[in-house]
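Structure first, commentary second.
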Amino acid sequence: MPVQEGVLPAVAPIPRSLQPEMWLYLLLGTKLAIVGWALVVAGMILLVAMAPYTDVVGLFALPGSGATAEGVVQEVTETDWGDLELGSRDPVFANRFLYTPPGGNTLEVLSYSTGRVVEAGERVTVVYRPGNPYRARIQGQRYRPLGRLSSMLLLPALLGLFLAGRALITGMGHVRLLQRGRAALAALTQSKEICDRQGRPTHWLLDFSFSTPDGEIRYLTFQTRDTRPVEDDTREVVFYNPDLTGHGVLFDALPGRPLIDEQGAIQVSDPITAWMSVLPAALAILLTLATFWYLGSASF
């Protein structure tokens, strides 16, 4: 039901129930959530693509990875990975060595170092996993060409999880406001265009004011996420927390273009799109589980 000028539509009493589609829009359908989950997907793909060259899991001490044996260096070869070794200009060397785990056969394995730290024929201490003797390295070296700073490959996924988590927290706040907040008709008192240092518009700040049932005047500021000219109505429905000043949400600004029907219930205008918003989050979660299973299986 559209909002008529100067008229607050009838809203269902507290507590209000929300459709599953409204939950999905608020928690997963915002731009922030979609960008966050997309970054998680990109980060997982990056980790899998770089898995043969970096050892993110191996950066952490894993239980049972401290067994040692004596080995002999067979060959030391300079690789082309030096330019990608962040924080160091030294070349990366591949160190081929032989060692014999207790009760097993002699194995030939590679480990890597930044700089030439061992020579052919040198006897070294080898650290290996008893359950997977091929998971071995010369003590003080690493399993893959790229070193500790390769953990920066985790940054896109971590940033995505941060953004998605922030979107979930914000969405839960909006859910509580729609379920238990009071509704009021707010008046647009001021719209201010915000520009960057070069004078280019970046977004708008919209100031609204409304009156509570006990006559208190409250204010709510809404920040747009685009640079288009503001064409908002002079009156907008807001849901606010009566116990927290300034804590409210502009109903028209919520994702999914929600409506208030004739019974006062909150409805979404496009349920199919709401269910489609599950896809980025589901893909990100499935890909994250698959990626860590893959990295873990290569480490044990």
Side-chain angles (χ1 to χ4, degrees), residues 39-161 284-300:
L39 279 174
V40 173
V41 170
M44 293 301 111
I45 293 174
L46 180 62
L47 278 179
V48 170
M50 293 299 292
Y53 316 111
T54 185
D55 193 47
V56 175
V57 175
L59 298 177
F60 306 97
L62 299 175
S65 62
T68 59
E70 188 177 80
V72 179
V73 179
Q74 297 296 295
E75 184 182 23
V76 178
T77 307
E78 184 175 345
T79 72
D80 297 327
W81 289 101
D83 292 338
L84 294 179
E85 175 69 351
L86 300 178
S88 175
R89 296 183 179 180
D90 293 331
V92 174
F93 287 87
N95 307 292
R96 184 167 57 87
F97 62 92
L98 298 177
Y99 88 104
T100 305
N105 299 321
T106 299
L107 303 176
E108 182 179 82
V109 189
L110 279 174
S111 67
Y112 297 86
S113 63
T114 301
R116 194 181 188 101
V117 295
V118 295
E119 297 293 342
E122 184 176 339
R123 306 192 75 82
V124 293
T125 299
V126 176
V127 180
Y128 70 97
R129 290 192 59 82
N132 182 8
Y134 282 97
R135 181 71 171 174
R137 59 183 174 83
I138 296 173
Q139 192 171 53
Q141 297 187 15
R142 54 186 178 270
Y143 301 103
R144 298 287 187 267
L146 300 181
R148 287 190 175 276
L149 286 179
S150 63
S151 58
M152 293 179 65
L153 293 171
L154 292 168
L155 289 180
L158 292 177
L159 176 59
L161 287 174
I285 293 172
L286 290 175
L287 195 56
T288 298
L289 294 175
T291 298
F292 278 96
W293 174 85
Y294 170 72
L295 295 176
S297 63
S299 301
F300 287 91

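Sequence positions, counted from 1, serve as the residue numbers for this chain.
Annotation for E70 and V126: closest pair C-CG2, 4.5 Å, computed over non-hydrogen atoms. When every heavy atom of I138 is checked against every heavy atom of S111, the shortest pair comes out as N-OG, 3.3 Å. The minimum heavy-atom distance between P145 and Y53, with the atom names listed, is CD-O, 3.2 Å. For A69 against T100, the heavy-atom pair with the smallest separation is CB-O, 4.2 Å.
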Under the side chain to side chain contact (heavy atoms under 4.5 Å, CB included) rule, what do Q141 and V124 come out as? Steps first, then yes or no, please.
CA-CA 11 Å; Q141 297 187 15; V124 293; over 6 Å; no

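Judged by distance alone, the side chain of Y99 and the main-chain N or O of P133 form a donor-acceptor pair under 3.5 Å. Side-chain N or O atoms of T79 include one that pairs as donor or acceptor with a backbone N or O of V92 at under 3.5 Å.
Between V118 and S113 there is no side-chain heavy-atom pair separated by less than 4.5 Å. Contact annotation: the side chain of Q74 never approaches that of F97 to less than 4.5 Å [non-hydrogen atoms, C-beta and beyond]. At least one side-chain heavy atom of L47 sits less than 4.5 Å from a side-chain heavy atom of M44.
T125 is linked by a side-chain hydrogen bond (donor to acceptor under 3.5 Å, both in side chains) to nothing, counting only residues two or more places apart in sequence or in another chain. Take R116 and apply the side-chain hydrogen bond (donor to acceptor under 3.5 Å, both in side chains) test, not counting sequence neighbours, and it matches E119.
Geometric assessment of R142 against the ring of Y112 yields a negative cation-pi assignment under the 6.0 Å and 45° thresholds.
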